[in-house]
S.K.: 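Got a structure for you, questions after.
Only a predicted model underlies this, so the values are computations on that prediction, with no experimental measurement involved. One is the number of the first residue; the rest follow in order along the sequence. All heavy atoms count here, side chains included; hydrogens, waters and symmetry mates do not.
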Amino acid sequence: QVQVVESGGGLVQPGGSLRLSCTDSTTTINNYAMGWFRQAPGKKREGVSSISSRDGTTYYSDSVKGRFTISRDKTQNTVYLQMNSLKPEDTAVYYCTTVRFNNDGSWYASGSWGPGTQVTVSS
């Protein structure tokens, strides 16, 4: 069973960048489609980005498209989320987990949640 740990969060000024990492120390995640989600205080958890296992196809929510980039390094068993041009509304706890895709290209979480990593965008 995949049990990931997220890292890389922190406090950054608006316009800044962060790179989040997601890995599992005991199970390979290379054969799974993976996704990043976030939850801001008082809001529902939302999907941010996902990446397929087969061909590396990537998907993004409209709110982060053009600013965030998801990638994976199979030699490191790690999935990354590069976040650029950060905005205060990106402040949230970010989570990584396995995902599945619907026929329309949307995705949903299919695995358990890790502890998440806090991202705070503030001046």
S.K.: Quick test of your reading: applying salt bridge (charged side-chain N to carboxylate O under 4.0 Å, His left out), list the pairs with at least one residue in residues 78-106, sequence neighbours left out, ordered by first then second residue.
M.R.: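 Checked against salt bridge (charged side-chain N to carboxylate O under 4.0 Å, His left out) - neighbours excluded - the pairs reaching residues 78-106 are Arg38-Asp90, Arg67-Asp90.
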S.K.: Please find the pair of heavy atoms, one from Tyr60 and one from Ile70, that lie closest to each other, and give the distance.
M.R.: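 Reported closest heavy-atom pair: OH-N, 2.9 Å.
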S.K.: Please give me the minimum heavy-atom distance between Val119 and Met83, naming the atom from each residue.
M.R.: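 Val119 and Met83 have their closest heavy atoms at CG2-CE, 3.8 Å.
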S.K.: Spell out, yes or no, whether Val79 and Phe101 are grouped together once hydrophobic residues are joined by side-chain heavy atoms under 4.5 Å, including indirect joins.
M.R.: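 Val79 and Phe101: separate clusters.
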S.K.: Please check this pair: side chain of Thr91 against backbone of Val121, looking for a donor-acceptor N/O pair closer than 3.5 Å.
M.R.: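 Yes.
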S.K.: Just how far is it from atom SG of Cys96 to atom OH of Tyr80, taken to the nearest 0.5 Å?
M.R.: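 With rounding to 0.5 Å, SG (Cys96) is 12.0 Å from OH (Tyr80).
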S.K.: Within the side chain of Asn84, is there an N or O that forms a donor-acceptor pair under 3.5 Å with the backbone of Ser17?
M.R.: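 Absent.
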S.K.: What heavy-atom pair brings Ala33 and Ser53 nearest, and what distance separates the two atoms?
M.R.: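 Closest approach of Ala33 to Ser53, heavy atoms only: N-CB, 3.7 Å.
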S.K.: Just verifying a value: how many Å separate Tyr95 OH and Leu20 CG, rounded to the nearest 0.5 Å?
M.R.: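 Taking OH in Tyr95 and CG in Leu20, the distance rounds to 12.5 Å.
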S.K.: Kindly say whether Trp36 contributes a backbone atom to a donor-acceptor pair with the side chain of Ser49 at under 3.5 angstrom?
M.R.: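 Not confirmed, Ser49 side chain does not pair with Trp36 backbone.
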S.K.: Do Thr98 and Ile29 have side chains that approach each other closer than 4.5 Å (heavy atoms only, starting at C-beta)?
M.R.: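 No, every pair of side-chain atoms sits at 4.5 Å or beyond.
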S.K.: Please round to the nearest 0.5 Å and tell me the distance separating atom OG1 of Thr97 and atom CD of Glu6.
M.R.: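 Result: 8.5 Å between the selected atoms.
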S.K.: Report the distance from atom OG of Ser50 to atom OH of Tyr108, rounding to the nearest 0.5 Å.
M.R.: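 Here the rounded value is 12.0 Å.
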S.K.: Would you say Tyr94 and Trp107 are hydrophobically clustered, going by side-chain heavy atoms of ILVMFWY under 4.5 Å?
M.R.: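 Tyr94 does not cluster with Trp107.
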S.K.: Could you pull out the closest heavy-atom pair between Pro14 and Ser122, with the gap in Å?
M.R.: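 Heavy atoms of Pro14 and Ser122 come nearest at CD-C, 3.6 Å.
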S.K.: Would you say Thr57 and Tyr59 make side-chain contact, with heavy atoms under 4.5 Å?
M.R.: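 A side-chain contact exists here, since the closest heavy-atom pair is under 4.5 Å.
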S.K.: So, for Val12 and Leu86, which heavy atoms are closest and what is the spacing to 0.1 Å?
M.R.: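 Taking Val12 first and Leu86 second, the nearest heavy atoms are CG1-CD1, 3.5 Å.
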S.K.: Quickly, which of Asn77, Thr78, Asp73 forms a side-chain hydrogen bond (donor to acceptor under 3.5 Å, both in side chains) with Thr75? Name it, please.
M.R.: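 Option passing the side-chain hydrogen bond (donor to acceptor under 3.5 Å, both in side chains) with Thr75: Asp73.
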S.K.: Using the ring-ring contact (aromatic ring centres under 6.0 Å, His included) criterion, which residues pair with Tyr32? Sequence neighbours excluded.
M.R.: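 Result, ring-ring contact (aromatic ring centres under 6.0 Å, His included) vs Tyr32: none returned.
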S.K.: Could you grab the distance from atom OG of Ser21 to atom CZ of Arg72, nearest 0.5 Å is fine?
M.R.: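 Answer rounded to 0.5 Å: 13.5 Å.
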S.K.: Can you say whether the rings of Trp113 and Phe37 are parallel (under 30°), tilted (30 to 60°) or perpendicular (over 60°)?
M.R.: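 Correct class here is perpendicular.
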S.K.: Measure the CD1-CE distance between Ile51 and Met34 for me, rounded to the nearest 0.5 Å.
M.R.: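 So the gap between those two atoms works out to 10.0 Å.
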S.K.: Under 4.5 Å between side-chain heavy atoms, counting indirect links through other Ile/Leu/Val/Met/Phe/Trp/Tyr residues: same cluster for Leu18 and Val64 or not?
M.R.: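 In one cluster: yes.
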S.K.: Taking the side chain as everything from C-beta on, heavy atoms only, tell me whether Ser112 gets closer than 4.5 Å to Gln1.
M.R.: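 A side-chain contact under 4.5 Å exists here.
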